[in-house]
2 protein chains.
Amino acid sequence: MCGIDKNMHNSQYLTPQQEKVLNFIRQRIGERLPPTIREIGEALGFKSTGTVRDYLKVLIQKGWVKKMDNKSRGIELTERSAFGKIPIIGTIMAGKPNLAYEEIQGYVDADDLFLGRLGFNDVFALRVKGDSMVGAGILEGDIAVIKKRPDAANNDIVAALLDSNEVTLKRLSSRSGKFHLEAANPDYPPIFEEFKVIGKLITVIRKY
Amino acid sequence: MCGIDKNMHNSQYLTPQQEKVLNFIRQRIGERLPPTIREIGEALGFKSTGTVRDYLKVLIQKGWVKKMDNKSRGIELTERSAFGKIPIIGTIMAGKPNLAYEEIQGYVDADDLFLGRLGFNDVFALRVKGDSMVGAGILEGDIAVIKKRPDAANNDIVAALLDSNEVTLKRLSSRSGKFHLEAANPDYPPIFEEFKVIGKLITVIRKY
DNA sequence: TGACAAGGCACACATTTGTGTGGTATAGAT
DNA sequence: ATCTATACCACACAAATGTGTGCCTTGTCA
């Protein structure tokens, strides 16, 4: 017959060549765009589009990629091979550890973490300086991702604009009937001066 | 002449129509793939590819998008309109606030934060349970992003596999000449039993 | 009133891209 | 000996996609 069917038995395990193709696809999708068939061939030294298409068939059959028919650059990664997604392997029970390693529970999508379904103009980030929020686990150097003009409620951590035209990250509190700002560090007193809530803290990121 | 040049003066500010086109492009790039010209036209109700191309010209001229010539789906966002990038507007001086709002210092690339230049198989995430690391600003529910088999050094926070086949997040310490694990919470004693370092903590993410 | 920007359209054409058909060669398994 | 998987190539064809040329209407501004 012909070489259309590269591999129909070993469901899932890839040969070195097949892995090379998959890795190239992952790389390209991670960088910018899914490659075209011809781009894959060119990059990996295949002279025929048929060769590449055969590899794609295998990768699809083994569950590593998906394809949108008749769409240019229509290659997608399946969840198992997704780039830019970090597998959540388990839970760290920090006090009394208790979880088996290597059980993927799901994925964290890098983008979703920040933006979710938010409009792209509604989110920005601030780098935290100072230690007034250490009590809430927010340290100097952390990146605070803020959602603009949200429905900030009592006890939310917010970025607030003070009269002095400065921005600060504090917890919104209404213990006294009227809203004021509270640090999460006993060394810093509550702020009762005028302020405007710029946005609400939705994510904290710390790089080591 | 002809309608090729939609807008050559107002550098940068977009008309509502132009913004609609840009937003559609952002949405599509954010979702999966940059759209083709015809996909844009279809989605926004334009009957001519020329119309869309004219809009693209304007958006390029005004600096909101770039294009790769003769490449299908070759539309890219420029930094200012980038989706998935969070502008770092400033620094929060948490103790003594001190930063003017609305001065973009740069961008945080969602993907870079985690993966950087790492291979996609080297990184995974764990959800933190328990409070043994509160002293290091790591709280229950945080997502700990771990880089596998790294060069973990003294004082690094690592994910370690204990003899009990459980994983825990602790600080690597060698105060006693030999490595052991330390919690960042006085309630938890150091761990001197056998362990294997699985990986090193590179990022902490907390969603509110 | 005439230039010009914004906001459109039609359609031809070239290129890119995906798909289909048919090959070749090697190696291991039955 | 035959079958199958891996690993390739060549080429034709069609569909998707990008590009080029020309034209129209409306509103504003000088």
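Given the structure is predicted, the values throughout are model-derived calculations rather than measurements. Proteins come first, then strands; the chains are lettered A, B, ... in the order of their sequence lines, and each starts at number 1.
Looking only at distances, no side-chain donor or acceptor of A/Asn23 sits under 3.5 Å from a matching main-chain atom of A/Lys20. In this structure, the side chain of A/Thr78 engages the main chain of A/Gly63 through a donor-acceptor pair within 3.5 Å.
To the nearest 0.5 angstrom, B/Arg171 atom CZ is 11.5 Å from B/Leu181 atom CG.
For C/dT19, neither phosphate oxygen OP1 nor OP2 lies less than 4.0 angstrom from any side-chain nitrogen or oxygen of A/Lys57. Note on B/Lys67: a side-chain N or O is less than 4.0 Å away from OP1 or OP2 of D/dT19. Under 4.0 angstrom from either OP1 or OP2 of C/dA14 there lies no side-chain N or O belonging to B/Asn70. Remark: B/Thr51 is in phosphate contact with C/dC9, judged by side-chain N or O atoms under 4.0 Å from OP1 or OP2. B/Ser72 has no side-chain polar atom (N or O) that falls below the 4.0 Å cut-off from OP1 or OP2 of D/dA16. B/Thr49 has no side-chain polar atom (N or O) that falls below the 4.0 Å cut-off from OP1 or OP2 of C/dC11. The side chain of A/Gln18 places no N or O atom within less than 4.0 Å of a non-bridging phosphate oxygen (OP1 or OP2) of D/dA5.
A/Gln17 has its CD atom 11 Å from the P atom of D/dC9, to the nearest Å. Remark: C1' of D/dA5 and OH of A/Tyr55 are 11 Å apart, rounded to the nearest angstrom. Across the protein-nucleic acid pair, B/Asp69 atom CG and C/dT16 atom C1' stand 13 Å apart, rounded to whole Å. When rounded to the nearest whole Å, the span between CZ of B/Arg73 and P of D/dT19 equals 14 Å. Atom NZ in B/Lys71 sits about 10 Å away from atom P in C/dG18, given to the nearest Å. Look at CG on B/Leu14: it is 15 Å from C1' on C/dA5, rounded to the nearest Å. One atom, CG of B/Leu56, and another, P of D/dG18, lie 9 Å apart when rounded to the nearest Å. B/Glu39 has its CD atom 13 Å from the C1' atom of D/dG18, to the nearest Å.
The 12-atom threshold is exceeded at NZ of A/Lys67, counting heavy atoms of other residues, nucleotides or ligands nearer than 6.0 Å.
Position along DNA chain C of the nearest nucleotide to B/Gly50 versus B/Pro16 favours B/Pro16 as the more 5'-ward residue. Between A/Arg38 and A/Phe46, the one whose closest nucleotide on DNA chain D sits nearer the 5' end is A/Phe46.
Contact annotation for B/Lys20: no contact, since no heavy-atom pair falls under 4.0 Å across all strands.
On a pure distance criterion of 3.5 Å, no polar donor-acceptor pair joins the side chain of B/Arg53 and the base of D/dG18. Contact of B/Ser48 with C/dA10 (side chain to base): a donor-acceptor pair of N or O atoms is detected under 3.5 Å.
For the 3.5 Å distance criterion, the side chains of A/Arg206 and B/Thr203 fail to qualify, holding no donor opposite an acceptor.
Across D/dG18, C/dT19, C/dA10, the shortest atom-to-atom separation from the side chain of A/Ile37 is found for C/dT19.
Ring-centre distance between B/Phe179 and B/Phe195: not below the 6.0 Å cut-off.
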